[in-house]
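Only this structure's heavy atoms are used, side chains among them; waters, hydrogens and symmetry mates stay out. Convention: sequence-line order gives letters A, B, ...; per-chain numbering from 1.
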2 protein chains.
Amino acid sequence: MASVTKRGPYAKTAARQREILDAAGEVFATHGYRAGSLKEIADRVGIDSSTILHHFANKSVLLQKVLEDRDTRSLGDAAPDAAAGAADIPAAFLRLARANERIPGIVVLYTLLAAESATPEHPSNEYFFLRYARVRAEFTAAFREMADAGLLRPGVEPEFAALSTLALWDGLQVQWMHDSDAIDIVGTLRGQLELLTTVELDEEETG
Amino acid sequence: MASVTKRGPYAKTAARQREILDAAGEVFATHGYRAGSLKEIADRVGIDSSTILHHFANKSVLLQKVLEDRDTRSLGDAAPDAAAGAADIPAAFLRLARANERIPGIVVLYTLLAAESATPEHPSNEYFFLRYARVRAEFTAAFREMADAGLLRPGVEPEFAALSTLALWDGLQVQWMHDSDAIDIVGTLRGQLELLTTVELDEEETG
DNA sequence: GTCTATAGCCGGATAGAC
DNA sequence: GTCTATCCGGCTATAGAC
């Protein structure tokens, strides 16, 4: 029986799709979805734009695959793992923010698309609607755990802590894109977490 | 000597430009700058797209005029007037947020363009760079006045209060555009101001 | 001041050779 | 799997009649 899984061609296809997804992520992060062209993506990979449409049915599908791909590979939208204990949650948030700083492309991609996709016809409109709902729920669960451990400041509700942290983060990223020298994302998030919780946050460890 | 200032035609031109600016603001708020077309703007006014270019040199100029126009007519980016006293500043922030809720078009326009214009080639890139710097300075001055009056919570710096309030506001607007039912902009801002200051904020008055 | 007509470009997408 | 060639559409912008 002939082997059905020929490694050669399949591996080549997979590698090409990897290249296309990476290039598309960069282009969409730079120009957004609508203004980002298949030709610019193709040029980065060194292929013709029609070849992209051989691998992905159309531009909209390509964007969806980029987002799925980033979701799978990045930690950017996961709430801090609570396994280490409620007291470590704020530090985990800050580690996440520091990790994102090292891969600014993903941050810019999400920040740009989050705004662009606010209109119903945008191909990632539903994606961001669901994503925000999910992340809010994850953040709320994390802060609720802290509340149960008595680590939130009096009067601070987990829902407020979650929403304010997430929205502050997004807003900081927008300003950071315009003036990265003027905005200290990690430092400002630390300040917010110190306001929300009673946990001591060492700048050496977390910033 | 014949009158140089003929009121009729000039008034007509001014009125037409008003219509174009208003329609352009709506279209740019819905689709952003790049994806918003002159044709869609023209259709809303009931004229041909070439007529727009008779009144405004090109599309980029039109966007700049829209932003200048909104700056002039809206209160949306002005820091709360401190004349009433430092203790009234938080309430003034919330009044501003409530006023913005009644004209969502402007909020959406600015939120969308702020993200889209992050790339250097965008026609409103410099506008938003300067705008953010100015608003940060205005907010900082307002919170510094509160600090001088002893109205900030211990450990809260005016710069942090300003940046966190502004960034939180922007981030809330992004999520509000995706899910207006889930996001309470005024209520969340009130929570933040209660965290930053020692001023009592009555929900009846402010929200 | 507004229109029609059109230029000129670039976008996404398809067909078919290799 | 990748390319060339091409279609079709929408876009900004210009030219010129009225």
Side-chain angles (χ1 to χ4, degrees), chain A residues 4-28 30-66 113 116-117 119 121-124, chain B residues 4-28 30-66 113 116-117 119 121-124:
Chain A
V4 182
T5 57
K6 297 174 183 175
R7 271 180 215 134
Y10 282 16
K12 190 178 178 185
T13 290
R16 221 342 94 81
Q17 292 182 350
R18 258 267 62 71
E19 291 181 280
I20 294 171
L21 287 173
D22 289 343
E26 293 172 18
V27 170
F28 290 150
T30 307
H31 302 292
Y33 170 71
R34 289 191 238 234
S37 73
L38 295 179
K39 178 162 192 323
E40 183 170 348
I41 297 167
D43 286 347
R44 291 200 183 213
V45 180
I47 58 178
D48 189 84
S49 66
S50 65
T51 302
I52 294 178
L53 297 173
H54 169 76
H55 290 281
F56 301 93
N58 55 46
K59 191 187 179 186
S60 166
V61 165
L62 176 58
L63 174 62
Q64 289 162 18
K65 296 296 183 187
V66 168
L113 289 178
E116 186 187 13
S117 70
T119 77
E121 316 82 42
H122 195 284
S124 60
Chain B
V4 183
T5 56
K6 297 174 182 174
R7 272 180 214 132
Y10 282 16
K12 190 178 180 186
T13 290
R16 230 328 102 80
Q17 291 181 351
R18 258 269 60 73
E19 292 182 279
I20 294 171
L21 286 173
D22 289 342
E26 293 172 18
V27 170
F28 290 150
T30 307
H31 302 292
Y33 170 71
R34 290 192 237 235
S37 73
L38 295 179
K39 179 161 192 320
E40 182 170 350
I41 297 167
D43 287 347
R44 291 199 184 215
V45 179
I47 58 178
D48 190 83
S49 66
S50 65
T51 302
I52 294 179
L53 296 173
H54 169 76
H55 290 281
F56 301 92
N58 55 48
K59 190 187 179 186
S60 166
V61 165
L62 176 58
L63 174 62
Q64 288 161 20
K65 297 296 184 187
V66 168
L113 289 178
E116 185 186 13
S117 70
T119 77
E121 317 81 43
H122 195 283
S124 62

Let me see the working for B:Lys59 and B:Leu63 under side-chain contact (heavy atoms from CB on, under 4.5 Å), right down to the final yes or no.
-> CA-CA 6 Å; B:Lys59 190 187 179 186; B:Leu63 174 62; over 6 Å; no
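- Distance, A:Asn58 CG to C:dA13 C1': 9 Å, rounded to whole Å.
- Applying the 4.0 Å criterion to OP1 and OP2 of D:dC3, one finds that A:His54 has every side-chain N and O outside that range.
- Within the 4.5 Å cutoff, side-chain heavy atoms of A:Glu40 are placed close to those of A:His31.
- For B:Leu63 and D:dT12, the CG to C1' distance is 15 Å, given to the nearest whole Å.
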Compile the donor-acceptor pairs under 3.5 Å between side chains in residues 19-26 of chain B and protein atoms, sequence neighbours left out, one pair per line.
{"unit_1": "B:Glu19", "atom_1": "OE1", "unit_2": "B:Arg16", "atom_2": "NE", "d": "2.9"}
{"unit_1": "B:Glu19", "atom_1": "OE1", "unit_2": "B:Arg16", "atom_2": "NH2", "d": "3.4"}
{"unit_1": "B:Glu26", "atom_1": "OE1", "unit_2": "B:Arg44", "atom_2": "NH1", "d": "2.5"}

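- The A:Lys39 side chain lies nearest to C:dG11 when the options are D:dC3, D:dT14, C:dG11.
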List the steps, then state whether side-chain contact (heavy atoms from CB on, under 4.5 Å) holds for A:Ile41 with A:Leu62.
-> CA-CA 11 Å; A:Ile41 297 167; A:Leu62 176 58; 4.0 Å; yes
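- Every residue two or more places apart in sequence or in another chain that forms a ring-ring contact (aromatic ring centres under 6.0 Å, His included) with A:His122 is listed here: A:Tyr33.
- For D:dG1, the OP1/OP2 oxygens have no side-chain nitrogen or oxygen of A:Thr51 closer than 4.0 Å.
- Nucleotide C:dT2 holds its C1' atom 13 Å from the CD atom of B:Glu19, rounded to whole Å.
- Between B:Phe56 atom CZ and D:dT14 atom P the separation is 16 Å, expressed in whole Å.
- Computed from coordinates, the A:Asp48 CG to C:dA17 P distance equals 17 Å when rounded to whole Å.
- Among the heavy atoms of the strands lying under 4.0 Å from B:Leu53 is at least one base atom, whether or not backbone atoms are also near.
- When each of C:dA13, D:dT2, C:dC3 is scored by its nearest atom to the side-chain atoms of A:Lys12, the top-ranked nucleotide is D:dT2.
- Contacts between residues 30-38 of chain A and DNA chain C, counted as heavy-atom distances below 4.0 Å, involve A:Gly36, A:Ser37, A:Leu38.
- Between B:Ser37 atom OG and B:Asp43 atom CG the span is 7.5 Å, to the nearest 0.5 Å.
- Counting only heavy atoms from C-beta on, B:Lys59 has its side chain closest to D:dT12 among D:dT12, C:dG12, C:dT2.
- The CG atom of A:Leu62 sits 15 Å away from the C1' atom of C:dG11 (whole-angstrom rounding).
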Would A:Arg34 and B:Arg34 count as a side-chain contact (heavy atoms from CB on, under 4.5 Å) if you check the C-alpha gap in whole Å, the side-chain angles of each, and the deciding distance to 0.1 Å?
-> CA-CA 8 Å; A:Arg34 289 191 238 234; B:Arg34 290 192 237 235; 6.0 Å; no
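- The CZ atom of B:Arg16 sits 9 Å away from the C1' atom of C:dT2 (whole-angstrom rounding).
- Side-chain atoms of A:Ser50 and base atoms of D:dT4 include a donor and an acceptor less than 3.5 Å apart.
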